[in-house]
Structure formats: C-alpha cells, structure tokens
> 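One structure, as structure tokens, below. Some questions next.
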Amino acid sequence: MTTRIRRLSEDMVNRIAAGEVVERPASVVKELVENAIDAGATRIEVVTAGGGASLIRVSDDGGGIGRDDLALAVERHCTSKLDGGLDDIRSLGFRGEALAAIGAAARLTITSRQRGAREAWSIAVDGGRVSAPEPAALSDGTRIEVRDLFFATPARLKFLKSERAETAAITDVLRRLAIAHPQVRFALSGGDRTALDLAAMTGDDALRLRLADVMGREFAANAIRIDAAREGATLTGFAGLPTYSRANSLGQFLFVNGRPVRDKLLLGALRAAYADLMKRDRHPVAALFIAVPPSEVDVNVHPTKADVRFRDSGMVRGLMIGAIREAFAASGPRTSSAAASATIAAFRPATRGPMRPPSAAWRPGPSYAPGRAATATASDFGFAEDEQAAFDIATPSADLRAAASAPAVAALAQPLGAAVAQVHDTYVVAQTADGLVVVDQHAAHERLVYERLKRGLAETGVASQLLLIPEIVDLAPDDVERLTERADELAALGLALEPFGPGAVAVRETPSLLGAIDAGALVRDLAEEIAEWERADTLRDRLEAVASRMACHGSVRAGRRLKPEEMDALLREIEATPNASECNHGRPTFIELKLADIERLFGRR
Ligand code: ADP
Ligand code: MG
C-alpha cells in the first residue's frame, strides 16, 4: 500500500487549531475579553445565551480595528502584538489565533470603529468563510458576536456540559480577569442567571476593593496583604487567613504578569505555604500576582496560556512560600473574623426561635471541619516539667474556674487580654481592652508545642528523653518497615525507635517537649502519616508533618482544669508564638468578640 501525504487545507488547519484554543464557551469569552483588555478598554460588557453556546457578545471601548485590518484580524497567525518578539510579551494575546479559531468553529461578526475613524466597519466569518468588510453603525470600540459555537465542529458540541456549568465557567473566567484588572469595569449579563457588574476601581486600594466585589467582603476582611520581592521578581496581593479556608480550590486566583494562570507549580507552592497551617483537605483562599521580567517566563507553553514556565522555578516557589509564611508569622495573633461572625450567628437564633442548649453556641462555624484532636479527652496531660513549668500539673482545687475577681490591669492591655475564667474545662475566657476572647486550650497548646518542635528542629535540635523501659508497640509489618526506614528523620525530632521483630517496634526515646505520652498511640499515628508520604514531599515538609502529629499527642487536653497562672501563661505564649491563631489543622485557636458585637447582640447598638 502506498501512502500519500497531502497538505491540509487552510480551513482544516484552522479547525484543528480551533480545538486547541477554543475548548468551550468560557475559552471564547477569555480570548475576547483579553483582546478587549489588550485594546486598552476601560469598560467591557459580556452578554451570553444558552451557556455561551448560542450567543456570546463582548463589547468594549478600546482602540478598535481599522477597516483594512479586519480581514487580517480573523486570519490565522496575524497579530498586532508581537513587535517585541516572544521574549518580551507584554500583552495577553500574541499568537494571533483566537479570532481565526472562533471564526472556524462558529458564526463570528466583528464590528469595530477605530479610534478617530469616521465610521465603523464589520466583517463576518461563518464556519471559516470570510466575507468582505461592510460599513456598520457603532459609536466606539469593538463589538464581537459569536453565535452557534461549534456548529462547524460538531464533535466539540458533544463535550459541552450543562448550560449552567458552562455559564459558571464563563463567570469564573470573567472573575479572574476582573481581579487582574480592577481599573476596568466589567459587566456580565444575558438570559443566563448569573450576572456580574463590577465598577472600575482606581487608586491604591483598587485591588482590595475589586477583591471584595468579586470574592466577597469576608475575604477582604480575612486576608493579609502580601508584598515581597526577590531577585527581580515580586509577589503582591492578598492571602486568606488559614482559618478562612475552603473545601475546594475555587478561591485561588493566581496571576503571572497580569495573566490568570492555573499553573501546577504555583498551586503547589501555595499549598506548601499553608501546609502546616491547614488540614490536608482544606484549601487556602488567595489572590496573588507574580511579576517577573518577561524574559524570565515562557507563557507560550500551551494554546490557552493557562500554564507558564519559569526560567528559575525554584526561586518563584521560594518567593511564594517564604512571603506567605513570613506575612502570617509577622501578622501576630489574628483569627478569622468569620469565626466571630459564626459565633454571633449562633447566638442570634436564641432571641427569635426556641432556646438552644448553651453549648451549641460555642460550636465552631460550619467552615471548620471538626477534628479528633479537639474532642479528645485523655487523662494524661503530658507536660514536661522544665519546659512547661508554667503549665505544671497541680492537684486541682475544688474550684478553678474563676481565675481572678478583677483581671490584672497589665494583662488587659495585651492582645489576648487577661484570663477571667475557664469554662467546661476546655475553653479559657479572657477579657481584652475592647472585648472578650475565648481560647480552645487544646488547639492553642497543640500549636505552641508544634512551633516549639519546629524551632527545635531549626535551631538546637529536639531534645529527647530516654524511656527507662523501652515501650514495645505492636504494628502491622509494613508499618514497622515504614517507620524503621524513616528512623533517622524521626530521631531528628527526638523519637528513637527500632524494629522489634517483624510485627513490633521498640520505642527508646521520645521528645521531651511532649512529656509523658502514650508512645503506642504516637507511633501508630506516625505510621499512618508516613503512609501518606508517597507524594514526593521534601524532607522539611515531612519533618513538619511529623512534628504536627507529635504536637497533637503532647498537648494539654480539653477537659483539663487550668490554674489561673496557667491560663494567663497560655495567653501570653499564644501572643508570642508565630502562627498561633490557628491549630495545626487550620481551626482557630481562639475567637474574639468585640464589645461592639456584644452590645449589638444585646440591642445596645
Ligand atoms: P492575538 O490576540 O493573539 O493577537 P487574536 O486572534 O485574538 O490574536 O486577535 C487578532 C488581532 O485582532 C489582535 O492582534 C488585535 O490587533 C485585533 N483585535 C482583536 N480583538 C480586538 C479588540 N477587541 N479591539 C481591538 N483590536 C482587536
Ligand atoms: Mg487574542
């Protein structure tokens, strides 16, 4: 059999390319809105119908396209944006593919009036067939209409999801672009339900205001500003507090040189930055902008340009992780106001509906996954004497609940105030200058122990204590193998163990910080942790994960009575410890109610 090689027709080439650039209606919206931004628009309006499959119309007030350029604009590989070469891309577009691809797959009409021109012109492309430009009516800018998307490439049509899902994807695309361009007004409307109208924002606060509009005021109130630089690269934007997490990654908006990306490297770095502040199944919320010289990044990796390649990806990863961690560490004790809002919300129904049992009011808000640690009630408290003298266990006296009749004046001025009581042997209540704070004693102490373990790791090493009699812990053989393979890493954290036959390990030393712990429970928990390590974590990540599990075992339990000095010591240490506003699982360690909120609850305001 002889094969014959034929050159594909221009039409066929365009349809094949269309499949890459235009995956779904949202990709059409992305390309058209990016073109409008590149054209310098200050107002962009998007109208859709049928989830974008029957109609997408994007109008802008940008520079427009002249009559003689209209035919070129819809021709493949024609662009006005690549003057600086591929190493110096400053626009969102540059491949000159989108309009040609859309014209090949749908019915496209472009109407445009170039700035300063006396009239507008329009051109139509119908499944790849281009008509001649005609005079048209339009006061300024460009209006692009796309009808019957994929009518010319029916195979694509089959992959479209429900109208609702396509509309949601369009909204998401628009939100991302809107965050990157707060100075542009964006409007989205149509037969589809979701509408968006984002006013143009200017000035220093433009980004924060736009974020509040797009992501909700709660985000703006529960995020800290990031502003860092390293080797010519900058990272700016806002990172949500760890206590303000979500069950999915839809609240993550990342940009490289103003371009929205969903890049694996960057998403991984964001995850790593929060790794020890959040449970694995929670996701941070963030809007972060990376700016690097155009020559340091290749945006031409994929037709949709959602992936990028950095010349020095390690530097970018380091910038992101370092900047976020430092920002949290520097921000001092601060917990999500969403937690306080949830508390207030929990109080409120009592005034309207039937009374609730009082304990219900103190349950964490719905966004915080309950963890076993917080509910654990063990009888051993595991405090090492020298390191935690302030928390020394004494025989509890009959009534430890009231700490002091009048809170200490000096302590009142501290961020977490003066302890006034312990309730249910689990929560410490403190009075601050302008409100009250409720601390989850276990969650808070767990964080403190964890931070001390980490400090020990980074500085002097973690001290261990020799067990008089090694503790033999029975385990499944593969758990024994896992633990012994990692014996060196565990030793760095003060845990010395060795195999004891095929089905057990002998624990010889435990970290002093943890005090008298149940070594069996710790070792079994660590075996589980190690089993999850198949994801190629770095040594540091692994050690911190181990430290986090250890901390949980060595922390003061819920259900233990604290002496007044112990409560105050706990408060002071939370203030002095970085990241102490949340426990290792990302739940808040304390919530704060401002006097103003309390007054509002009682109708005094
Ligand atoms: P690219 O954006 O990669 O250049 P496109 O196919 O998206 O390729 O657009 C082709 C050209 O059409 C652009 O380079 C630009 O000159 C012009 N163009 C497209 N949309 C607009 C618009 N809304 N306003 C002004 N010019 C536009
Ligand atoms: Mg383009």
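We number each residue from 1, following the sequence as shown. When a ligand or atom number is given, it counts from 1 through the structure's own listing order.
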> For atom 6 (O) of ligand 1, what's the nearest protein heavy atom and its distance?
Leu99 N, 2.9 Å
> Considering distance alone, does some N or O of Gly96 sit under 3.5 Å from an N or O of ligand 1?
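For ligand 1, there is an N or O atom that lies under 3.5 Å from one belonging to Gly96.
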> Describe, in one word, how the ring planes of Phe219 and Tyr244 are oriented to each other, choosing from parallel (under 30°), tilted (30 to 60°) and perpendicular (over 60°).
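It falls in the tilted class, 30° to 60°.
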> Please work out which of Leu92, Asp69, Ile44, Asn35 has its closest non-hydrogen atom nearest to atom 19 (C) of ligand 1.
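Heavy atom nearest to atom 19 (C) of ligand 1 belongs to Asn35.
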> Closest approach of Arg176 and Gln252, non-hydrogen atoms and distance?
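So the two residues come closest at NH1-O, 3.0 Å.
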> Which heavy atom of Thr111 sits nearest to which heavy atom of Ala136, and what is that distance?
CG2-CB, 3.7 Å
> Heavy-atom pairs closer than 4.0 Å: do any link ligand 1 to the side chain of Ala39, the backbone, both, or neither?
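Looking at Ala39 and ligand 1, just side chain atoms fall under 4.0 Å.
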> Would you tell me which option among Val33, Ile65, Leu70 has the nearest heavy-atom contact to atom 18 (N) of ligand 1?
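The nearest heavy atom belongs to Ile65.
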> Output the distance between atom CZ (Arg175) and atom CZ (Phe186), rounded to the nearest 0.5 Å.
13.0 Å
> For Pro182 and Ala206, work out which heavy atoms get closest and say how close.
CB-O, 3.9 Å
> State plainly whether the residues Lys594 and Asp597 are in salt-bridge range, i.e. N to O under 4.0 Å.
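Salt bridge flag = no for Asp597 with Lys594.
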> Distance to 0.1 Å, residue and atom name: give those for the protein heavy atom nearest to atom 2 (O) of ligand 1.
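In this structure, atom 2 (O) of ligand 1 has Lys81 NZ, 2.7 Å as its nearest protein heavy atom.
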> Yes or no: does Glu97 have any heavy atom under 4.0 Å from an atom of ligand 1?
yes
> If you measure from the Lys or Arg side-chain nitrogens to the Asp or Glu carboxylate oxygens, is any gap between Glu145 and Arg57 under 4.0 Å?
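Salt bridge present between Glu145 and Arg57.
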> Closest non-hydrogen protein atom to atom 16 (O) of ligand 1, residue and atom name please, with distance?
Ser80 OG, 2.5 Å
> For the Mg ion (ligand 2), which protein N/O/S atoms fall under 2.8 Å? Skip waters.
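Sorted hits: Asn35 OD1.
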> Hey, are Asp197 and Arg185 close enough for a salt bridge, meaning a charged N less than 4.0 Å from a carboxylate O?
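Yes.
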> Using a strict threshold of under 4.0 Å (side-chain N to carboxylate O), is an ion pair present between Glu119 and Arg113?
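Judged by the 4.0 Å cut-off on N to carboxylate O distance, Arg113 and Glu119 do not form a salt bridge.
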> Do Ile56 and Pro25 come within less than 4.5 Å of each other through their side chains, counting heavy atoms only?
yes
> Taking 4.0 angstrom as the limit, do Arg107 and Asp126 come out as a salt bridge?
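Yes, charged N to carboxylate O under 4.0 Å.
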> With a cut-off of 4.0 Å, which atoms of ligand 1 are near a heavy atom of Thr79?
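Every atom of ligand 1 under 4.0 Å from some heavy atom of Thr79: 1 (P), 4 (O), 14 (O).
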> Polar contacts were defined as any N/O atom of the residue lying under 3.5 Å from an N/O atom of the ligand; does this apply to Asp38 and ligand 1?
no
> Pull out every atom of ligand 1 sitting under 4.0 Å from any heavy atom of Ala98, numbered as shown with elements.
6 (O), 7 (O)
> Of all the atoms in ligand 1, which lie at a distance below 4.0 Å from a heavy atom belonging to Cys78?
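This gives 10 (C) as the contact atoms.
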> To the nearest 0.1 Å, how far is atom 23 (N) of ligand 1 from its closest protein heavy atom, and which atom is that?
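Checking every protein heavy atom, the shortest distance to atom 23 (N) of ligand 1 gives Asp60 OD2, 2.9 Å.
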> Which ligand 1 atoms are under 4.0 Å away from a heavy-atom of Gly93?
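Near Gly93, the atoms of ligand 1 are 2 (O), 3 (O).
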> Would you mind reporting whether Leu288 and Ile324 have side-chain heavy atoms less than 4.5 Å apart?
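Ile324 vs Leu288: side chains touch.
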> Looking only at heavy atoms, what is the nearest atom pair of Tyr274 and Val285, with distance?
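That closest heavy-atom pairing would be OH-O, 4.0 Å.
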> Nearest protein heavy-atom contact for atom 12 (O) of ligand 1: which residue, which atom, what distance?
Ala73 CB, 3.5 Å
